[in-house]
Amino acid sequence: WGLRGSLRFVPPSVLDDIIAVALAMLLLHLMVAGGWTVPGIAIVVWLLGGMLLRLDEASDGPAEVASAVPGAIYSCLLAGLLVSVYLMSIRPVEIARRETRIAESALSRGQLGRARSALEVAADADRWSPTATLWLAGLEQSTLTRGGDNPPVRRRWEQLLQEAKRRAGEDPAVYRVIGGQQMHLYQCLGNPADLASAAETFEAMLSWSPANQWAYAQLAVIADALGQSERSAELLKQAVELAETGELIERTLPFQHVFVAEPLGRSAVAAAVRRPVDAVLSEPPTNTYRNSVPDAQ
């Protein structure tokens, strides 16, 4: 009631300006953060838009539209924004989801060509999402692991990974998937460049997720494979310290399954080989987790 009484003394033009600024700021936020289709958020947009197009009742006659010319301008702006939301957000996401489902169904039937075509449509439709690009990179990586190194395929795979990184921004989860593809390819083909690329990817992941014990453990395994024993021990020590934070058993090293940093050849083609980090490294640092956590096996 106090707010309602206060608004009685605010001129309609000033109130319109306040609402317009609030609506513009909300729309600007949603353009970056997303959430257009969430009912609890969308209703606020509709309410603010409706307040701009409200009808004022005259004391001696029928209701008249307040500020007809500004109202028409606001109506056009609101309609333009809604069309933009549909064309730039809702429609691309829906197309990408539909094509991704088609690709998933095609992959389950072994129709790689159909899956690739659907994923390309999805990646082109939603240029902000790395999902379809990661799937396409996975198809190229599978071609390399099964058929051997092929320069054109490798170039396309690397381009897709770079595009996925560009779309993902500072998303550690995407970088973990990318690093996993690089490690899997190293296991199959034994190319040292893939191991170095994986190390770079996990380093970037760790810079955005500095409390991730898995990333420290994986980098420790890679450093050990590269002959960097001191760095490996330092990284593993940090992994152990983080693993014991909060006393959660699932964070401890026996439950941190890392990619093995060894050329394994054909035995790794079907799937990347992962093992608990304390089983991969022969001499993990002595710490309390060995006395407090049961063997993961």
In terms of ring plane angle, is the pair F259 and W214 parallel, tilted or perpendicular, where the classes change at 30° and 60°? perpendicular
Within 6.0 Å of CZ in R98, more than 12 heavy atoms from elsewhere: yes
Side-chain ion pair, R231 and E203, N-O less than 4.0 Å: yes
Donor-acceptor under 3.5 Å (T100 side chain, A96 main chain): yes
Counting N and O atoms only, with roles assigned by atom type, does the side chain of S105 sit under 3.5 Å from a partner on the main chain of I102, one being a donor and the other an acceptor? no
Between the side chain of S232 and the main-chain N/O of S229, is any donor-acceptor distance below 3.5 Å? no
Are R155 and E158 close enough for a salt bridge, meaning some N to O gap below 4.0 Å? no
May I ask you to decide whether R97 forms a salt bridge with E94, counting only side-chain N to carboxylate O separations under 4.0 Å? yes
Check the surroundings of atom CH2 in W208: do more than 12 heavy atoms from other residues, nucleotides or ligands lie under 6.0 Å from it? yes
Answer yes or no: is there a donor N or O on one side and an acceptor on the other, between the side chain of S84 and the main chain of G80, under 3.5 Å? yes
For A217, side-chain contact (heavy atoms from CB on, under 4.5 Å) partners two or more places apart: A239, V258, V277
Residue pair L195 / L226, side-chain heavy-atom distance below 4.5 Å: yes
Should E163 and R127 count as an ion pair when the cut-off is N to O under 4.0 Å? no
State whether the side chain of R167 and the backbone N or O of S129 hold a donor-acceptor pair below 3.5 Å, judged by distance alone. yes
Please report the shortest heavy-atom distance between G179 and T201, naming the atom on each side. N-CG2, 3.7 Å
Verify the neighbour count for atom CZ of R156: are there more than 12 heavy atoms of other residues, nucleotides or ligands below 6.0 Å? yes
Quick check on E104: does its CD atom have over 12 non-hydrogen neighbours (other residues, nucleotides or ligands) under 6.0 Å away? no
W157: which of Q141, Q162, Q181 passes side-chain hydrogen bond (donor to acceptor under 3.5 Å, both in side chains): Q181
